[in-house]
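Structure, as structure tokens:
The structure presented is a predicted model; accordingly, all values stated were derived computationally and were not measured.
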Amino acid sequence: MIWSLVRIILFIGIIALITFGIVFVIETGGEVRLSLAAKEYSFSPLMGIIGLVLLLAALWVVKVALGLMSAVFHFFNGDETAITRYFNRNREKKGFDALAEGMVALAAGEGKTAMAKVTKAERMLQRPELTNLVNAQAAEMSGDTQKALKYYKSLLENDRTRFVGVRGLMKQKLAEGDTDTAMKLAQKAFALRPAHEETQNLLFEMQSDSGDWAGARETVATKVRKGSLPKDVGRRREAILAMADAKDLLDADKIEAGKNAAINANKLAPTLIPAAVLAAEMQTLAGNKSAAAKIIKKAWAGNTHPDLAAAFAEIEENETSEQRLKRFNALTRVNATDTETRLLKAELSLADEDFPAARRGLGDLHETEPTARSLSIMAAIHRGEGAGDEIVRGWLNKALVASRGPQWICSSCNKIHVAWTPKCDNCKAFDSMDWKTPPASDDIEQSTRTLPFVASVLTADTTETVEENEVIEAQ
């Protein structure tokens with residue numbers, strides 16, 4: 001505000017001084033003489049001042065004209081000038097306008113329109129790193145895969161767009177079903193930008209699909225380092241991959257390597273049930289029964305599961321039912337009120353033919369959680385206590401149509417699996433298996449397939465009745 005006031009005052013002062021000078025010259029009188037080519041010209045002071053101003057103006061016009069002529073000369077000569085800069089700015093503006101229109105058309109799903117606009121932008125901008133990307137996506141949208149491939153390849157020539165080019169080519173190869181080439185391109189894209197989450201996920205998916213467990217573990221480790229995967233989830237996934245590797249090694253008769261991989265998987269995730277079962281089996285085969293028991297106990301403390309109980313039973317095969325009941329105290333005293341623990345107690349007591357203890361162990365599970373397993377146990381208890389065939393048959397009929405209880409279910413698509421798998425065989429989701437009870441509508445079909453191992457406690461007559469009922473249910 002103050003500076004503006006000062007400028008106004010200075011402007012008024014300068015005008016006043018000029019006016020005062022002109023008035024002073026006019027009042028002074030006299031004349032101005034100019035000698036030119038042996039001739040002498042006389043002017044009044046005012047005319048002299050006007051002539052001087054006109055002369056200066058003429059000199060300025062000549063200077064501008066000469067500058068313009070020079071600019072025109074350099075323009076046609078190909079040199080950079082103000083004129084070329086003007087035309088370049090104008091062309092650049094039109095190019096960016098066309099590029100913007102092409103991007104809008106691309107977002108609207110108009111592939112051909114986008115290509116036409118971007119082709120115009122490419123001609124005006126001469127910036128292939130910008131236009132090739134949009135052109136590639138537009139060609140892809142229009143179904144012109146060959147042109148899209150050409151543009152993606154051109155993006156490889158620029159450091160700033162190389163990753164985008166590799167990624168685009170990778171998707172093209174995936175769409176064509178060329179998974180080998182897609183895998184190599186994914187590895188290249190991963191090397192260029194290891195923190196890019198979509199590339200991490202695509203590479204991991206392809207590695208796990210192809211059984212490249214070592215590569216998949218490296219990808220998981222990178223995801224954890226880059227912060228795109230929590231550490232605990234990363235360790236669990238590494239454990240699953242190590243377990244998958246162990247199974248492949250065992251199938252290839254590489255027993256020692258498979259054993260080491262299984263034990264490593266269990267160390268990474270001690271409560272992962274399949275890893276604990278496999279590691280315990282390996283330790284049992286190697287004669288390390290105490291190590292196998294320790295693995296199962298630790299896993300059982302985190303998640304009670306019938307597979308863990310079965311693996312614990314296999315540690316000592318040649319033992320009496322009484323010895324087994326005593327040895328299983330290491331499991332049954334942990335999570336004593338858990339459903340799986342109560343079912344296990346009842347089954348162990350049945351094997352020992354202690355039917356009152358089996359009834360106490362089962363409690364009211366046949367009422368609160370009526371599953372094929374709990375109801376079959378009740379049938380065995382009644383048979384052991386001497387109940388008639390009608391009572392036993394009634395419990396078995398209930399078991400045949402009851403829920404199977406918890407099963408391995410994919411949390412992504414709710415597909416029920418007979419056994420745990422690293423990836424869902426339906427939706428291909430990784431590490432999506434949950435041990436839970438499915439909805440009744442999905443479970444009834446499964447319940448008629450298998451009854452628990454307590455059927456061995458029943459008499460041959462009752463077993464025949466079960467088979468007859470299964471045939472009736474199947475019909």
Side-chain angles (χ1 to χ4, degrees), residues 204 207-209 211-214 216-217 220 232-252 254-286 288-289 291-315 331 334-335 338-341 343-344 373 404-438 446 450 453:
F204 177 78
Q207 287 169 330
S208 57
D209 283 342
D212 182 9
W213 310 120
R217 288 186 68 179
V220 168
D232 57 337
V233 178
R235 284 181 65 86
R236 177 182 170 87
R237 291 195 173 182
E238 283 194 67
I240 293 171
L241 294 167
M243 187 178 65
D245 191 24
K247 288 185 175 180
D248 284 355
L249 290 168
L250 292 172
D251 290 341
K254 298 178 181 179
I255 306 301
E256 190 62 27
K259 172 191 169 185
N260 293 334
I263 293 172
N264 181 45
N266 178 247
K267 287 180 179 178
L268 287 168
T271 59
L272 181 62
I273 294 167
V277 170
L278 185 60
E281 289 175 355
M282 292 296 99
Q283 293 287 26
T284 301
L285 289 172
N288 301 324
K289 294 183 177 181
K294 186 178 179 180
I295 289 170
I296 296 298
K297 290 174 187 176
K298 191 169 185 178
W300 183 271
N303 295 298
T304 59
H305 194 278
D307 288 352
L308 294 173
F312 195 68
E314 290 175 1
I315 294 174
L331 297 187
V334 180
N335 299 322
D338 186 82
T339 298
E340 182 58 39
T341 304
L343 290 169
L344 177 60
R373 190 173 170 195
R404 283 186 62 190
Q407 299 170 67
W408 290 116
I409 301 175
C410 175
S411 59
S412 295
C413 67
N414 294 321
K415 168 76 181 298
I416 298 175
H417 291 69
V418 176
W420 183 93
T421 56
K423 299 185 75 169
C424 173
D425 57 17
N426 182 50
C427 68
K428 306 304 179 184
F430 185 83
D431 187 21
S432 62
M433 296 294 110
D434 289 336
W435 181 250
K436 61 183 181 181
T437 303
Q446 301 288 334
T450 309
F453 70 85

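Side-chain atoms of D248 and W213 form a donor-acceptor pair, as typed in the model, at a separation below 3.5 Å. Under the 3.5 Å distance criterion, with hydrogens and angles disregarded, a donor-acceptor pair is assigned to the side chains of T304 and D338.
Side-chain contact between T421 and M433 is present, with at least one heavy-atom pair separated by less than 4.5 Å. Side chains of S208 and P422 form no contact here, defined as non-hydrogen atoms less than 4.5 Å apart. With a 4.5 Å cut-off on side-chain heavy atoms, L343 and R373 count as touching. Looking at heavy atoms from C-beta onward, C424 lies in side-chain contact with H417 at the 4.5 angstrom threshold. Using a 4.5 Å cut-off on side-chain heavy atoms (C-beta onward), M282 and L250 make contact.
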Assess whether side chain to side chain contact (heavy atoms under 4.5 Å, CB included) is satisfied between D212 and F204, documenting all intermediate values. CA-CA 9 Å; D212 182 9; F204 177 78; over 6 Å; no
Please report the C-alpha distance between F312 and T284 in whole Å, then the side-chain angles of each, then the deciding distance to 0.1 Å, and finally whether the side chain to side chain contact (heavy atoms under 4.5 Å, CB included) criterion is met. CA-CA 10 Å; F312 195 68; T284 301; over 6 Å; no
Run the side chain to side chain contact (heavy atoms under 4.5 Å, CB included) check on V233 and R236 step by step: do they pass? CA-CA 5 Å; V233 178; R236 177 182 170 87; 5.7 Å; no
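The aromatic rings of H305 and W435 sit tilted relative to each other, their planes meeting at an angle between 30° and 60°.
Here the shortest heavy-atom pairing between D434 and S411 reads OD2-CB, 3.3 Å. Nearest approach of I296 to A311, heavy atoms of both residues: CD1-CB, 3.8 Å. The two residues I273 and N303 have their closest heavy-atom pair at CD1-CB, 3.9 Å. E238 and V220 make their closest contact through CG-CG1, 3.9 Å (heavy atoms, listed as atom of the first residue, atom of the second, distance). The shortest heavy-atom contact between A262 and A246 is N-CB, 3.6 Å. Across A261 and L249, no two heavy atoms sit closer than the pair CB-CD1, 4.3 Å.
K423 has no carboxylate O lying under 4.0 Å from a charged side-chain N of D431, or vice versa, which leaves the two without a salt bridge.
Residue P274 forms a side-chain contact (heavy atoms from CB on, under 4.5 Å) with just one option from L272, V277, L278, and that option is L272.
Within the structure, the side-chain hydrogen bond (donor to acceptor under 3.5 Å, both in side chains) test picks out no pair touching residues 258-277 (sequence neighbours left out).
The CD atom of E281 sits 10.5 Å away from the CD1 atom of I295 when rounded to the nearest 0.5 Å. Separation of atoms CD1 (I240) and CE (M243) is listed at 6.5 Å; rounding is to 0.5 Å. Rounded to the nearest 0.5 angstrom, W408 CH2 and D307 CG are separated by 7.5 Å.
Shown here is K436, whose NZ atom has more than 12 heavy atoms of other residues, nucleotides or ligands within 6.0 Å. By the 6.0 Å contact criterion, NZ on K415 is enclosed, its count of non-hydrogen atoms from other residues, nucleotides or ligands being greater than 12.
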